[in-house]
Amino acid sequence: MNQPLRVLIAGAGLGGLCLAQGLRRAGVDVLVFERDAGPYSRAQGHRVHLDERGEDALRACLPEHLFDLYEATRGQPSERLMLIDAAGEHLREIPVPPLPDDTSIIKKGRAVSRSTLREIMLAGLDDVVHYGKALTHYDHDVRACFADGTHVSGDVLVGADGIGSAVRRLRLPQARIDDLDIRWIGGKTPVTAGIERSLPDGLHHAFAAVTGMDPAMMIGYMRFGNPPPAAAGRLAPGLRLTDTEDFVMWAITVQRDRLTAADAALPASGLHRRALDLTTTAHPALRRVVEQAWPEHTFHLSIGTSVAVPAWDSDHVTLLGDAIHAMPPSRGSGANTALSDAADLARHLIDAQRGRGSLPEAIGAYEHAMLERGFAAVESSTRAIDAFARKIIR
């Protein structure tokens, strides 16, 4: 016998939307509350790496036509991390230093445009996702309250609201995020013949860290399997996909004292100007990448990592993705782990609605697996950045 559930999700990032799609597909009542004013109110990142973990989660949660659209628009194979030396006249690949506990820093997967994937996962959720809803608190009856004075009641509240999660602060005040003292300005640049000639050939199926210059950088291609608007027209007519051409993703990485709080608060165009300031003496090929970027796609990140917390007594409030196990972007696990969380939680909640166990049992089983999976990825990513990224970031 079905036990109707209403699931409230705080956060419309990749994990929250994947969960919403999986629940909606199974007939579970779900609502998503996003603090941003709208889907395009800020830059939504550039490229993520998805391997079989993320793809299996998307396959489980998305309607078939949307998963087909994901497959049609995903990018080129992403097979390894490469290290580029920018100290000489020409950029050249050099060996990656040994890394702890693994011979490969990433699992083989695909380059994926984060903004395109997010637009695909928003499809069909117009009546589900509500913007301008910053959660302030909730009560024991799972009533979520928002800064605009509204409130909504449900049976489950899921914090999918990222590294600054309001749900985590309320549910697990003892949970801690360690600042790794690394700051990141990222952006997107259209691929031109000139840029392509100046970058190493090996970059086509890799993601690269650049050393030998100040500042250090990360860089990689995003080449769509099919132009997103054309693929959407064929597989999801009426769906707007805003990425229209291949791009190079880039990120400047510096120590915290080189980017102030005022810098972090700049609009996208101001962050782009700051990136130009920081790359004044960079290798000409990489300076050109920053110069030719789309300014409106520039964004800032503070890199932190979650400290493992002991298991807690499960109730009707839980967490997924960066809201509970944030990790540095060193092994390509962040998005994959968040999507895996979403698919696993969706499965357990669907079972509870269908009478296959109680709701507390479902959430407890999810949290047991999520904590093991999530903090194993955190430890691996943090060890990798200690062994590798810190050697090139100044």
Inset, instruction - Under the side-chain contact (heavy atoms from CB on, under 4.5 Å) rule, what do L371 and W312 come out as? Steps first, then yes or no, please. - result: CA-CA 10 Å; L371 286 172; W312 55 84; 3.7 Å; yes
Inset, instruction - Find out if a path of hydrophobic residues (ILVMFWY) with successive side-chain heavy-atom gaps under 4.5 Å connects I84 to V191. - result: yes
Inset, instruction - Mind listing the closest non-hydrogen atom pair of L235 and H65 along with its distance? - result: O-CD2, 3.6 Å
Inset, instruction - Looking only at non-hydrogen atoms, find the nearest pair between A86 and L286 and report the distance. - result: CB-CD1, 4.4 Å
Inset, instruction - Could you grab the distance from atom CZ of R114 to atom CG of L50, nearest 0.5 Å is fine? - result: 11.0 Å
Legend entry - Non-hydrogen side-chain atoms of L278 and L259 separated by less than 4.5 Å: yes
Inset, instruction - Please report the shortest heavy-atom distance between D85 and G212, naming the atom on each side. - result: OD1-CA, 3.8 Å
Inset, instruction - State the CZ-OG distance between R47 and S115, to the nearest 0.5 angstrom. - result: 13.5 Å
Legend entry - Donor-acceptor contact present, side-chain E79 to main-chain H205, <3.5 Å: no
Inset, instruction - Could you tell me whether R59 atom CZ has more than 12 heavy atoms of other residues or ligands within 6.0 Å of it? - result: yes
Legend entry - Ring geometry between W294 and H297 (parallel below 30°, tilted from 30 to 60°, perpendicular above 60°): perpendicular
Inset, instruction - Indicate yes or no for a side-chain donor-acceptor contact from R287 to the backbone of A282 under 3.5 Å, with no hydrogens or angles considered. - result: no
Inset, instruction - Could you pull out the closest heavy-atom pair between V210 and I219, with the gap in Å? - result: CG2-CG2, 4.1 Å
Inset, instruction - For the pair N336 (side chain) and D51 (backbone), establish whether a donor and an acceptor sit closer than 3.5 Å, ignoring hydrogens and angles. - result: yes
Legend entry - T189 (side chain) donor-acceptor with V289 (main chain) under 3.5 angstrom: yes
Inset, instruction - May I ask you to decide if G304's main-chain N or O and D179's side chain share a donor-acceptor pair within less than 3.5 Å? - result: no
Inset, instruction - Taking the side chain as every heavy atom from C-beta outward, state whether L19 and C61 have any pair of such atoms under 4.5 Å apart. - result: no
Legend entry - Shortest non-hydrogen contact between P190 and E245, atoms and distance: CB-OE1, 3.6 Å
Legend entry - D344 and M370, any side-chain heavy atoms less than 4.5 Å apart: no
Legend entry - Test side chain to side chain donor-acceptor pair (under 3.5 Å) applied to S333 and S381, step by step: CA-CA 8 Å; S333 284; S381 294; 4.7 Å; no
Inset, instruction - Could you state whether L170 and V317 fall into the same hydrophobic cluster, counting links through intermediate Ile, Leu, Val, Met, Phe, Trp or Tyr residues with side-chain heavy atoms under 4.5 angstrom apart? - result: yes
Legend entry - Check: L239 main-chain N/O paired with E119 side-chain donor or acceptor under 3.5 Å: no
Legend entry - Check against salt bridge (Lys or Arg N to Asp or Glu O under 4.0 Å), K188 and D243: CA-CA 11 Å; K188 297 162 65 170; D243 277 325; 3.0 Å; yes
Inset, instruction - Take R6 and L31, measure what side-chain contact (heavy atoms from CB on, under 4.5 Å) needs, and give me the verdict at the end. - result: CA-CA 8 Å; R6 169 176 270 198; L31 294 170; 3.9 Å; yes
Inset, instruction - Step through the shown structure and confirm whether more than 12 heavy atoms of other residues, nucleotides or ligands are within 6.0 Å of NE2 on H368. - result: no
Inset, instruction - Would you give the length of the straight line joining atom CG of D246 to atom OG1 of T192, rounded to the nearest 0.5 angstrom? - result: 12.0 Å
Legend entry - With D161, the side-chain contact (heavy atoms from CB on, under 4.5 Å) member among R168, E34, R35, R169: R35
Legend entry - Any donor-acceptor pair under 3.5 Å from Q76 side chain to Y221 backbone: yes
Legend entry - R25 (side chain) donor-acceptor with A60 (main chain) under 3.5 angstrom: yes
Inset, instruction - Mark yes or no for whether Q255, through its side chain, and D257, through its backbone, hold a donor-acceptor pair below 3.5 Å. - result: no
Legend entry - N/O donor-acceptor pair under 3.5 Å between S198 side chain and I195 backbone: yes
Inset, instruction - Evaluate the side-chain proximity of R171 to D315: yes if any heavy-atom separation is below 4.5 Å, no if none is. - result: yes
Inset, instruction - Kindly compute the distance separating CG (L301) from CD1 (I163), expressed to the nearest 0.5 Å. - result: 8.5 Å
Legend entry - D148 versus G132, closest heavy-atom pair with distance: OD2-O, 4.0 Å
Inset, instruction - Measure the CG-NE2 distance between D263 and H300 for me, rounded to the nearest 0.5 Å. - result: 7.5 Å
Inset, instruction - Return yes when atom CD of Q174 has more than 12 non-hydrogen atoms of other residues, nucleotides or ligands closer than 6.0 Å, and no otherwise. - result: yes
Inset, instruction - Answer yes or no: does atom CD of E196 have more than 12 heavy-atom neighbours from other residues, nucleotides or ligands under 6.0 Å? - result: yes
Inset, instruction - To the nearest 0.5 Å, tell me how far L8 CG sits from H151 NE2. - result: 12.5 Å
Inset, instruction - Check each of D127, D29, D126 against R24 using the salt bridge (Lys or Arg N to Asp or Glu O under 4.0 Å) test, and report the only one that passes. - result: D127
Inset, instruction - Consider only side-chain heavy atoms of I, L, V, M, F, W and Y, link residues closer than 4.5 Å, and tell whether V7 and V142 are in one cluster. - result: yes
Inset, instruction - Determine whether L58 and L117 make a side-chain contact, defined as any pair of heavy atoms from C-beta on separated by less than 4.5 Å. - result: yes
Inset, instruction - Answer yes or no: is there a side-chain heavy-atom contact under 4.5 Å between L349 and I363? - result: yes
Legend entry - Same apolar cluster (I L V M F W Y, side chains within < 4.5 Å links), L122/Y40: no
Inset, instruction - Anything under 30° is parallel, anything over 60° is perpendicular, the rest tilted; go ahead and classify F375 against H325. - result: perpendicular
Legend entry - L14 vs R118 side-chain heavy atoms within contact, under 4.5 Å: yes
Legend entry - From CA spacing to verdict: side-chain contact (heavy atoms from CB on, under 4.5 Å), V129, L17: CA-CA 9 Å; V129 182; L17 292 175; 4.0 Å; yes
Legend entry - Residue pair L203 / V248, side-chain heavy-atom distance below 4.5 Å: no
Inset, instruction - Quick one: do M121 and L62 satisfy side-chain contact (heavy atoms from CB on, under 4.5 Å)? Show the steps, please. - result: CA-CA 8 Å; M121 292 203 291; L62 291 179; 3.9 Å; yes
Inset, instruction - Take the angle between the ring planes of W184 and F299 and call it parallel below 30°, perpendicular above 60°, tilted in between. - result: tilted
Legend entry - Electrostatic pair E55:R110 at N-O distance under 4.0 angstrom: no
Inset, instruction - Please check if atom CG in D139 has more than 12 non-hydrogen atoms from other residues, nucleotides or ligands closer than 6.0 Å. - result: yes
